[in-house]
Protein chains: 4
Amino acid sequence: MNTNTKDLILESTLKLVNREGLYHLNMKKLAKEAGLAIGTAYIYFDSKETIINELYQKIVRESEVAVFKNFQSERPLKETAIAMMRNLVTFFVSNPDYFNFIEQYGFSPILLKESKEKWLGIIDPLTKLIEKGKNKSLLKNLPTVLLLNLAHSPIIGMLKAFINNQVDLTDEWLQDQLFEACWKSIASENIDPKKG
Amino acid sequence: MNTNTKDLILESTLKLVNREGLYHLNMKKLAKEAGLAIGTAYIYFDSKETIINELYQKIVRESEVAVFKNFQSERPLKETAIAMMRNLVTFFVSNPDYFNFIEQYGFSPILLKESKEKWLGIIDPLTKLIEKGKNKSLLKNLPTVLLLNLAHSPIIGMLKAFINNQVDLTDEWLQDQLFEACWKSIASENIDPKKG
Amino acid sequence: MNTNTKDLILESTLKLVNREGLYHLNMKKLAKEAGLAIGTAYIYFDSKETIINELYQKIVRESEVAVFKNFQSERPLKETAIAMMRNLVTFFVSNPDYFNFIEQYGFSPILLKESKEKWLGIIDPLTKLIEKGKNKSLLKNLPTVLLLNLAHSPIIGMLKAFINNQVDLTDEWLQDQLFEACWKSIASENIDPKKG
Amino acid sequence: MNTNTKDLILESTLKLVNREGLYHLNMKKLAKEAGLAIGTAYIYFDSKETIINELYQKIVRESEVAVFKNFQSERPLKETAIAMMRNLVTFFVSNPDYFNFIEQYGFSPILLKESKEKWLGIIDPLTKLIEKGKNKSLLKNLPTVLLLNLAHSPIIGMLKAFINNQVDLTDEWLQDQLFEACWKSIASENIDPKKG
DNA sequence: TATGAATGAGGATTCATTCAT
DNA sequence: CATGAATGAATCCTCATTCAT
């Protein structure tokens with residue numbers, strides 16, 4: 001399955017972080033999980049920190065690709081927004097360990113100052129989309145941070161509930177309700193509901 | 001300020017976790033911050049873990065008291081809900097270190113299995129409130145988890161943005177917009193907007 | 001004998017370096033030699049390197065004091081020079097482990113760039129003394145480095161032979177011959193031999 | 001330049017030890033410097049230690065050849081002695097990396113007990129020469145070790161100063177002064193200075 | 001109660017050496 | 001012969017906890 005040792009190490013890290021938590025990750029466990037000697041990890045990575053950071057970057061990269069899949073800016077804003085939401089949920093529902101890792105990484109001691117805000121690569125284009133929507137009066141005239149949170153936080157909250165086995169987010173009807181609710185909470189109210 | 005040593009230790013813990021992060025908390029720093037010897041902490045607490053857990057419980061207790069302050073179940077649901085939201089925001093905007101601590105605690109190695117979900121004491125009554133509202137058709141007929149997240153997650157998201165200095169959540173107008181939006185996203189649509 | 005743990009650690013380091021060599025010094029051995037736990041050394045020193053450096057500085061400080069004991073610049077140069085030589089030899093013959101440590105330290109990886117030349121604190125005033133002697137034509141008109149080496153290197157060489165048990169440098173007659181020879185090799189030849 | 005891999009490895013070792021120090025020599029660096037794989041070194045040598053020891057022996061062998069070049073025991077002692085000194089200096093001034101290696105080797109963890117005294121191959125014949133000179137009253141009636149050091153140590157000291165860029169020992173006048181001084185410090189004083 | 005020196009298990013990292021290709 | 005990925009013992013250092021004073 002693994003084409004090379006470097007990927008094997010990253011995959012073992014992901015498994016271990018999901019099973020025992022980032023805090024409990026240590027090189028001995030990692031080596032055992034990967035079926036390697038401790039020293040082997042240091043052939044491919046400079047340090048434990050590097051492993052975690054590379055894994056994070058890999059996950060963020062893949063997440064971004066997934067979220068912006070089939071992105072077409074000329075489509076109606078609602079369609080675009082909901083497509084992105086769906087992409088996000090679909091991706092993390094299929095890869096719950098990615099979601100969990102990102103969450104844990106956000107509170108790991110590695111960052112602290114650099115990227116206090118996770119999801120950066122996703123949040124940034126979203127912010128631009130929202131500002132464009134506000135200019136066209138398609139969205140409520142509220143501060144961008146607020147709109148961003150109204151559209152985004154419930155989805156993150158539902159994903160957390162999903163990885164904690166509190167809800168079945170594979171349910172497409174539930175997803176649709178979620179997306180629709182998120183969209184409605186940011187969409188301008190005088191828009192013709194028939195057109196959306 | 002402190003009448004007893006136990007509180008002094010808990011307060012010093014809170015300060016340090018906010019300044020340097022839960023990960024970097026150690027007993028030497030804690031003793032120094034409190035102006036005590038390391039051994040003294042062990043007179044009042046069994047372990048470092050106990051300190052953190054007791055602090056967490058203290059914070060949750062205070063948060064709950066604050067959120068349910070002036071709680072009157074006989075008032076209209078919207079009033080009650082928004083009052084709780086306001087209480088929550090007011091409390092954590094005044095005590096950002098409490099919010100930050102709870103966030104960090106959620107990913108600390110202490111839990112992992114026990115209390116995966118933070119905010120427990122607050123979430124539980126909220127869930128009951130929501131279910132009551134659904135029964136009375138005051139709220140949308142959606143799964144409770146979804147309603148909970150729609151009402152709750154944007155507020156948490158905004159509080160995170162606040163402690164990261166990305167938004168001024170002391171602004172009352174902004175708070176009102178936030179609460180109104182959260183309420184609207186869960187409120188039944190056929191309710192007379194004049195009555196709320 | 002040891003008034004405090006810090007000195008105990010430094011003394012144990014010295015013993016171990018002399019017995020097994022600086023290269024083979026490790027924290028486990030050091031702790032065992034001192035009768036302490038490994039962690040204890042880190043209460044008093046930041047790192048293994050710090051221990052070695054502090055010991056070096058302590059030794060150099062003591063050596064300098066010993067070499068310049070009873071130093072009186074108004075005495076004839078020969079007397080001064082030979083007194084210093086005697087102080088040096090007396091000190092290191094009584095403290096052969098100090099000599100050995102300094103020798104090893106000079107090739108340890110800790111330096112490399114900083115103080116390639118050991119004995120700095122001793123060499124510097126010596127250089128000045130030599131230059132003064134040259135100005136007064138008491139010494140041969142040769143480059144200072146050469147005079148320095150002629151006066152100094154045989155003594156170092158004899159000390160090395162002594163710590164390798166190749167010669168008994170406690171023998172005062174031998175010391176006198178050494179000092180006289182070193183002095184003669186740098187002293188101006190037209191000086192009245194009766195006056196020295 | 002290299003006809004065989006074994007020499008290539010020894011030469012690369014020498015370069016690295018001079019550039020970074022014996023302490024920092026490791027097989028990975030050595031392989032890279034030689035343009036070989038790590039494993040290749042183990043085809044030609046049993047261990048890292050073997051490489052260092054073989055290099056040392058090679059250097060000592062070459063040094064001896066150089067020092068005893070044109071050695072003719074029937075010539076006057078002074079001529080012989082100064083010729084050897086000159087050979088020594090000429091050789092190490094042309095091959096400062098050899099000198100540096102020998103110095104570092106003397107404090108490496110490889111020896112410790114075996115060959116505490118470096119320069120063995122050179123020192124031994126020198127000792128015999130000195131004893132012969134003493135018997136013929138050409139040299140001072142002093143212990144051999146002392147004579148050896150008087151004649152030898154300043155030269156070593158000057159070579160050290162040379163590799164530390166503190167003196168230009170390629171200067172032939174300086175060399176002559178050095179040799180003359182070393183000779184004078186061991187030569188019997190009643191020898192007719194005109195004959196040497 | 002209060003102290004803080006001492007403990008030592010545990011964790012990250014290095015590197016000489018091996019061996020399958 | 002040549003390769004270089006893999007190994008794992010050895011090393012430095014940290015830190016929660018204890019205990020004699």
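Letters A, B, ... are given to chains in the order of the sequence lines, protein chains preceding strands, and every chain is numbered from 1. Since the structure is predicted, the reported quantities are computational estimates derived from the model, not experimental observations.
Taking the side chain of C/Ile43 as heavy atoms from C-beta on, and the options F/dT17, E/dA5, F/dT11, the nearest nucleotide is E/dA5. The side chain of C/Ala37 lies closest to E/dG8 when the candidates are E/dA2, E/dG8, F/dT11.
No donor-acceptor distance shorter than 3.5 angstrom exists from the side chain of A/Asn100 to the backbone of A/Pro96, with no hydrogens or angles considered. Of the possible polar contacts, none joining the C/Asp97 side chain to the C/Asn18 backbone as a donor-acceptor pair under 3.5 Å is found. Of the possible polar contacts, one joining the A/Lys48 side chain to the A/Leu25 backbone as a donor-acceptor pair under 3.5 Å is found.
Between the CG atom of C/Leu8 and the P atom of E/dA5 there is a distance of 15 Å, given to the nearest Å. Here the C1' atom of nucleotide E/dT13 and the CD1 atom of A/Ile51 are 11 Å apart, to the nearest Å. Nucleotide E/dG10 holds its P atom 12 Å from the NZ atom of A/Lys29, rounded to whole Å. Here E/dA6 presents its P atom at 13 Å from NZ of C/Lys6, a figure rounded to the nearest Å. Atom NE2 in B/His24 sits about 13 Å away from atom P in F/dT14, given to the nearest Å. The nearest whole Å value for the distance from the CD1 atom in A/Ile9 to the C1' atom in F/dT7 is 13 Å. Rounding to whole angstrom units, CG of residue C/Leu30 and P of E/dT7 are separated by 13 Å. The distance from atom OH of A/Tyr23 to atom C1' of F/dA16 is 10 Å, rounded to the nearest whole Å.
Here D/Tyr42 does not reach the OP1 or OP2 of F/dT3: none of its side-chain N or O atoms lies under 4.0 Å away. In this structure, C/Thr40 does not reach the E/dA5 phosphate: none of its side-chain N or O atoms is under 4.0 Å from OP1 or OP2. Side-chain N/O atoms of B/Tyr44 include one lying less than 4.0 angstrom from OP1 or OP2 on E/dA2. Using a 4.0 Å cut-off, no side-chain N or O of C/Thr5 falls inside it from OP1 or OP2 of E/dA5. Within the 4.0 Å cut-off from OP1 or OP2 of E/dC15, not a single side-chain nitrogen or oxygen of D/Lys28 is found.
Both D/Met27 and B/Ala41 lie close to DNA chain E; mapped to their nearest nucleotides by heavy-atom distance, the more 5′-ward contact belongs to B/Ala41. Where A/Ile38 and B/Gly39 meet DNA chain F, the nucleotide closest to each residue was compared, and A/Ile38 sits on the side nearer the 5' end.
At a threshold of 4.0 angstrom between heavy atoms, the contacts of A/Phe45 with the nucleic acid are absent. Among the atoms of the strands shown, only primed sugar atoms or phosphate atoms (P, OP1, OP2) are found under 4.0 Å from some heavy atom of C/Leu25.
Relative orientation of the C/Phe101 and C/Tyr56 rings is tilted, given thresholds of 30° and 60° on the angle between their planes.
In a base pair of the Watson-Crick type (N1 to N3 plus N6-O4 or O6-N4) or a G-U wobble (N1-O2 and O6-N3), with each distance short of 3.5 Å, E/dG4 is matched with F/dC19.
Counting heavy atoms from C-beta on, the side chains of B/Val17 and B/Leu55 never come closer than 4.5 Å.
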